[in-house]
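All remarks here apply to the structure that follows.
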Amino acid sequence: MEQKPLIKFFESYMASESLFLDKKTLQSTYTPKGVPHRDKEIKQLAEILAPTLKLERPSNIFLYGKTGTGKTLSAKYTTQQIKQLAETKNLPIKVIYLNCKLKKIADTEYRLIAQLTREFGKEIPATGLPTDEVYKIFFSTIDKEKQLILLVLDEIDQLVKKTGDEILYNLTRINEDLKNSQVSIIGISNSLTFVSDLDPRVKSSLSEEELVFPPYNALQIKDILKARASQAFKNGVLEQGLLEKCAAYAAREHGDARRALELLRVAAEIAERENEKQVKIKHIDEADRKIEDDRVLEVVKAQPKQFQATLYAIISISEKRKGSIITGEAYDFYKNISIRLGLPPLTQRRISDIISEQDMLGIINTKVISKGRYGRTKEISLAIPSSVLPKIKKILGEGLDLA
DNA sequence: GTCAATTCACATGAAAGAGACCACGGTCTAGTG
DNA sequence: CTAGACCGTGGTCTCTTTCATGTGAATTGACGA
């Protein structure tokens, strides 16, 4: 590429005015000052947690609701307030927020406890110690001084799914062994059915109180968008009816406010790149597509080789002919590929799991069907829009070097 | 024609192994005074 | 004498393999009308 045009491009980029005033407010990491349309939930939460300020242990709480319904935000908001108040009054209250889904941080029993201990300023090796040893360290660390600990465990269902409910049992029981401190757990879960699968003992002690977060409706999402947009954008940058459209898109997907915000942000970015003075409705459509594409692309890129090879096999077959693919067929194809690549082929058992995992990631769709006399298998079809297929194939080709 | 038994091609579960990490304690080695 | 290098042991974690059991309906075959 010539260099001069590039400089010109940068110059014109700098000269062009940004549509954003403050982009941060649209990003998912941003914590707004209030949580609109969640007054009722926050009030309940506050009532339950209030005893904390008298240094009495509040009940354990369980928050449910789908993604983007403000669970995390409400919990963070409420606990922050408590923390602030505690600080000004010099109360020994500690709030710990942990997202159990974060890989390598809190997705196993060992790591969760280790991370908790770290929150109290004690270093714990990433691995190497027996789990009960870590428990002991954790115990002695928090019990050293008198304090009340509010433990917020986000996406707790992921944790339990991976490691079983033993941790929760231990954590809920922990108060019996502590002399000075007290721990109270706030569990947050996306899955509504989560609690019913728990061990009854855990269930009763963990969900002393429950709070359900219903999805936002389109009107509420619009409100939320409006509030954030006023901070994020300059005046008059948004086309009339844009927020409504954005809200409608998100409401269609079970009222996910996070998605609505992302949609708005990406749409604005697209508009900016196209040198538009305004974010238009067509940009929303484009953003919707882009988000989905990017998500798939990211997911695919992050997969280990064996996953990529499996996906490659499935894509190749689906290109060759119409109709759905069955496990055996995909496996045969996969085996060829992996041999060609010098990868040790995995067992069918494993590939079966890999296919299921990719189903969960939304890259492919599978359905277990029984073809009577001809057995029982998974029917596989691609969930990727055909527009991204070439890109994906390219990434897979690179990832597997050679194709 | 009807109905239960059969049978296929996997799904799904459980358990256990391999290999990468890691901490800890003991032993050995080389540098220092 | 001591700090650091270098084991061996025992632990976790992830990815797999092995072994076992489960399963839904097309097909089969016996049976009765």
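Labels below follow one simple rule: chain letters A, B, ... track the order of the sequence lines, proteins then strands, and each chain is numbered from 1.
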[X] [atom1] - [N] [atom2] separation (whole Å):
X	N	atom1	atom2	value
A/Ile113	C/dC13	CD1	C1'	16 Å
A/Gln358	B/dA11	CD	P	14 Å
A/Gln306	C/dT17	CD	C1'	13 Å
A/Leu112	C/dT12	CG	P	16 Å
A/Arg111	C/dG11	CZ	P	19 Å
A/Ile369	B/dC8	CD1	P	18 Å
A/Glu357	C/dT14	CD	C1'	11 Å
A/Gln348	B/dA9	CD	P	11 Å

Open item on the list: Assess whether a salt bridge exists between A/Glu269 and A/Lys290, defined as any Lys/Arg side-chain N lying under 4.0 Å from an Asp/Glu carboxylate O.
Closed with: no
Open item on the list: Between A/Asp359 and A/Lys367 (salt bridge meaning N to carboxylate O under 4.0 Å), is one present in this structure?
Closed with: no
- [ ] Report, as a single string ordered 5' to 3', how protein heavy atoms within less than 4.0 Å touch nucleotides 18-31 of chain C: B base, S sugar-phosphate only, - not at all.
- [x] B---BBBBBSS---
Open item on the list: Classify A/Ile326 by what it touches in the nucleic acid, base, sugar-phosphate, or nothing, heavy-atom distance under 4.0 Å.
Closed with: sugar-phosphate
Open item on the list: What contact category does A/Pro344 fall into here, base, sugar-phosphate, or nothing, at under 4.0 angstrom with non-hydrogen atoms?
Closed with: nothing
Task: Rounded distance (nearest 0.5 Å) linking atom CD1 of A/Ile137 with atom CG of A/Leu116 - done: 13.0 Å
Task: Spacing of A/Glu262 atom CD and A/Arg265 atom CZ [to the nearest 0.5 Å] - done: 5.5 Å
Open item on the list: Just checking A/Lys94: does its NZ atom have more than 12 heavy atoms from other residues, nucleotides or ligands closer to it than 6.0 angstrom?
Closed with: yes
- [ ] Pick out which of A/Gln306, A/Glu329, A/Gln348 makes a side-chain hydrogen bond (donor to acceptor under 3.5 Å, both in side chains) with A/Tyr334.
- [x] A/Gln306
Open item on the list: Just by distance, no angles: are the side chains of A/Gln231 and A/Arg228 close enough, under 3.5 Å, to form a donor-acceptor pair?
Closed with: no
TODO: Taking only the side-chain nitrogens and oxygens of A/Lys378, find out if one of them lies under 4.0 Å from OP1 or OP2 of B/dT12.
DONE: yes
- [ ] Indicate whether OP1 or OP2 belonging to C/dC13 is found under 4.0 Å from a side-chain N or O atom of A/Thr108.
- [x] yes
Look for any protein N or O under 3.5 Å of an N or O in nucleotides 18-24 of chain B and output each such pair with its distance, or none.
none

- [ ] Could you check A/Leu311 against A/Ile364 for side-chain contact (heavy atoms from CB on, under 4.5 Å), going step by step and ending with a plain yes or no?
- [x] CA-CA 9 Å; A/Leu311 184 58; A/Ile364 56 179; 4.1 Å; yes
Task: Check: A/Tyr216 main-chain N/O paired with A/Thr69 side-chain donor or acceptor under 3.5 Å - done: no
